[in-house]
Amino acid sequence: MSDTGKTSAPAKVSPAGKVMRDGLWYNNPIFVQVLGICSTLAVTNNLRNTLIMVLGVSFATSMGSMTLSALRELIPRKVRMIVQVLVLSFYVIIIDIVLRAYQPAISKQLGPYVGLIITNCILMGRAEAFAASNPPGLAFLDGLANGLGYGWVLLVIAIVREFFGFGSLFGFKLVGDWFTPWTIMVMAPSAFFLVAIALWIANNYKAKVAAAAKAAAPGAAGAPAGQGGKP
Amino acid sequence: MKLNRNSVIYAAVFTFVVCVAFVIILAIANQVTLARVNANKRLESRTAVLKAFGLADSTTPSSEIDSKYTQLVTEKSVEKATAYTATIDGQTYVAVKLTMPGLWGPITAVLATDPAGTVVRGFEIVDQQETPGLGGRISEPWFSAQFKGKKVLPDGTIAFEQGSGKGNFDPNNGTVDAITGASRTSDFVRALVNRSLALARQIGGTL
C-alpha cells in the first residue's frame, strides 16, 4: 500500500481535512494507489450502474473501515485479514439485500457486480493501511473520501463511455439516429485506454504543480508526484 | 485478568464470536426482507407474462398487474416450464416461461404466440445474468420489441442475424437482429426462443 505520506496533502490542514483531500486527490485510489481498477473496467459503460457502484463502494469502505477501526484493539494480528474480509463482506451483503428488496430493477441490472464489491482492492487497502491504526471517526471519513475519490474518476470515465457507446447519459438519448454508437466504448478495452489517459493527465498535472511549487519556493520540501504500484 | 491477545485460543474465540455476530445480523436482514423479495420476483414474472401477451406495457402501474393477471391469465405447469393461456379479443394465445443456459447464468424468458406457433405475440426476458452493456442488452425494450407480431419461418424457428444494431422490425421476415458484441448470448437466446416456440406449439396442439 502506498500510504507513505510523500504524496499527501499539505500538513497544515486538520486531520479530517487531510484525509478528505488525500482520498479525493493527493492519494486518489485510482490515480495514485491504482486500486479498484477491475470494477472501473466492468461498470463504467453506463452512468446509472456506475453511480450505484460508487455509492455501494463508498458505503462499504466507510462503514467497514469504521467498524474495523472500532475493533482494532481487539483483533488479533494473526487473523486480522480474516476479520477484515468478514466485516467488509458483511456490509456488501447488506447492500445486496437492501437493493434486492427495495430496488429490484437496479439489483437485476447490476447482477453479480454488487457481490464483487468485496473484491475491490480499495476496501482491503484502506482497512489495512488506515483503519488498522486510526480512530473510528477518522477511519469512516477516510473510507468515504476514498470511495468518493474513486467515484468521481469513475463517473468521468462513465460519462465518456456512455456518451460515445450509447449516445446517451443516464439513459437519456442525447443525439439523434444519425449517430452510430462506438461499440468499443461499451466493451472493456475502452476502459483500459480511458483509465490510462486519465492517469496520464492527472499525474502530468500533479508533476507540473509540484515543479511550479518547487520553483516558487526553492529549498521547501516539494511534493513530487509519486506512483503507486498495485495492479 | 489480562487477556493474552497473541494466544491461539483468543484468536479462535474472537474469530468465532465475530463470525457468529455478523452472520446472525445478516440472517435477520435476509428474513426481514424475504417476503418483499419474493413479492418482487412474482410481480416481475407476472409483468413479463402480461407484456408478452401484449396486455401490459412499461407504463402499466404495478398495482394493476396482479388484478389483471388473475383476471386474464391461466397458469399451467408443464415439463420444466410454465405455460400460460389467455383469451384476447376472442382468440386464445399460449405463452411459455422457460429457463435455459446463458453465458454467465440461466436466462429466463416468456414467449407468447398463437396456439399454432406461427406468429409471435411477444417476448420478454424475466431474468438474466449476461454481461451488462453487452449481452445484458437483451433486456432492453428494443430487443424484445423485435419479436412483436413476427411471423415464424417455415421451419418453425426465428433466425438471428447480424443486423444494423438498431433492430429488425419487419414482421414478415422471421429474422431479428442479434446483439452486437455478444454473439454467445445471442446464440443462447436463439436456442431459448426456438425451444419456447416448439413447446408452445406442443401445448397449443392440446388446447
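A, B, ... follow the sequence lines: proteins, then strands. Residue 1 opens every chain.
- Ionic pairing of A:R126 and A:D142 is present here: one or more N-O contacts between side-chain nitrogen and carboxylate oxygen are shorter than 4.0 angstrom.
- Residue B:V189 comes nearest to B:I107 through the heavy atom pair CG2-CD1, 4.1 Å, listed as atom of the first residue, atom of the second, then distance.
- For A:R77, no part lies under 4.5 angstrom from a heavy atom of chain B.
- Considering every non-hydrogen atom in both B:Q129 and B:P106, the closest pair reads OE1-CD, 3.7 Å.
- Across B:N38, B:L26, B:V37, B:V32, the residue that shares the most heavy-atom pairs under 4.5 angstrom with chain A is B:L26.
- Both the backbone and the side chain of B:N30 come within contact range of chain A, judged by heavy atoms closer than 4.5 Å.
- Contacts between B:F14 and chain A at a heavy-atom distance below 4.5 Å involve the side chain alone, from C-beta outward.
- For A:E73, the part sitting under 4.5 Å from any heavy atom of chain B is the backbone (N, CA, C, O) and nothing else.
- Seen from the ring of A:F170, A:R48 does not count as a face-on cation partner, given the 6.0 Å and 45° thresholds.
- The residues B:D66 and B:R46 are annotated as salt-bridged, a charged nitrogen and a carboxylate oxygen being separated by less than 4.0 angstrom.
- The greatest number of non-hydrogen atom pairs below 4.5 Å with chain B, out of A:I75, A:L71, A:N46, A:I184, is found for A:I75.
- Taking chain B as the reference chain and counting heavy-atom pairs below 4.5 Å, the highest number among A:N49, A:L74, A:I94 is found for A:L74.
- Each of B:V8, B:I25, B:D127 has some count of heavy-atom pairs under 4.5 Å with chain A, and the biggest count is that of B:I25.
- The side chain to side chain contact (heavy atoms under 4.5 Å, CB included) test with B:F160 is passed by exactly one of B:N168, B:D177, B:V193: B:V193.
- Between B:D114 and B:R121, the closest side-chain pair of non-hydrogen atoms is not below 4.5 Å.
- At a 4.5 Å heavy-atom cutoff, the contact between B:E44 and chain A is made by side-chain atoms alone.
- With respect to the salt-bridge test (charged N to carboxylate O, under 4.0 angstrom), the residues A:R80 and A:E128 qualify.
- For B:V126, the part lying near chain A is the backbone, with the side chain staying farther off; criterion is any non-hydrogen pair under 4.5 Å.
- For a residue to count as touching a neighbouring chain, one of its non-hydrogen atoms must lie under 4.5 Å from one of that chain's; by this rule A:T67 touches chain B with the side chain only.
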